[in-house]
Amino acid sequence: MDLIEIIQIRSYSRSYCDAAEAAFYELTSPEREGGLEDVTLLRNAGIDTDIGIFITWRGEVSQGGKSRLGSQLAAAFSEYGQIYHSVWKCESRLAIK
């Protein structure tokens, strides 16, 4: 089963958003947890104070909800704005040819 853990940050201002992005680049690579695929930073194309951290999990991963890594990142980035932390599981994929 594949999961995507999403930490959305609605920054208090553009300067807080820039500071959150800078903090992301200063992160050290997380210790390899079972199933951890990657951690990606995205910026909202329409709202310049929103960023998202996407944690991709592959294979047999715990379905108990939010991961330790995700919870740590959500807590660390809460100083930059409002946090919305959620976990999504892959139900199906559409093959594009």
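The first residue of the sequence shown is numbered 1, and numbering continues consecutively from there.
- Inter-residue side-chain proximity for Ile9 and Asp50 is flagged as unmet; no heavy-atom pair is nearer than 4.5 Å.
- With sequence neighbours left out, Ser67 forms a side chain to side chain donor-acceptor pair (under 3.5 Å) with Glu5.
- Trp57 and Leu27 fall within the same hydrophobic cluster, where Ile, Leu, Val, Met, Phe, Trp and Tyr residues are linked whenever their side-chain heavy atoms come under 4.5 Å apart, directly or through other members.
- Listed by first and then second residue, the salt bridge (charged side-chain N to carboxylate O under 4.0 Å, His left out) pairs involving residues 72-85 amount to none (not counting sequence neighbours).
- In this structure, the side chains of Val39 and Phe24 come closer than 4.5 Å at one or more pairs of heavy atoms.
- Counting heavy atoms from C-beta on, the side chains of Ile7 and Ile55 come closer than 4.5 Å.
- When all heavy atoms of His85 and Ala74 are compared, the closest pair comes out as ND1-CB, 3.8 Å.
- With a 4.5 Å cut-off between side-chain heavy atoms of Ile, Leu, Val, Met, Phe, Trp and Tyr, the cluster of Ile4 takes in Ile6, Leu42, Phe54, Trp88.
- Looking at residues two or more places apart in sequence or on another chain, you find no side chain to side chain donor-acceptor pair (under 3.5 Å) involving Arg68.
- Separating the OG1 atom in Thr40 from the CG atom in Asp38 is a distance of 4.0 Å, to the nearest 0.5 Å.
- Of the possible donor and acceptor atoms, none in the side chain of Ser11 sits under 3.5 Å from a partner among the backbone N and O of Gly81.
- With sequence neighbours left out, the ring pair (Phe, Tyr, Trp, His ring centres under 6.0 Å) criterion links Phe77 to Tyr80.
- In the hydrophobic clustering (ILVMFWY side chains linked at under 4.5 Å, chained through shared members), Ile96 is joined by Leu94.
- Taking each heavy atom of Ile51 and Cys17 in turn, the nearest pair found is CG2-SG, 3.5 Å.
- Within a 6.0 Å sphere centred on CD of Glu37, other residues, nucleotides and ligands contribute more than 12 heavy atoms.
- Listed by first then second residue, pairs satisfying side chain to side chain donor-acceptor pair (under 3.5 Å) with a partner in residues 14-26 read Ser13-Ser15, Arg14-Asp18, Asp18-Arg43, Glu21-Tyr25, Glu21-Arg43, not counting sequence neighbours.
- Checked against side chain to side chain donor-acceptor pair (under 3.5 Å), Ser71 has no partners two or more places apart in sequence or in another chain.
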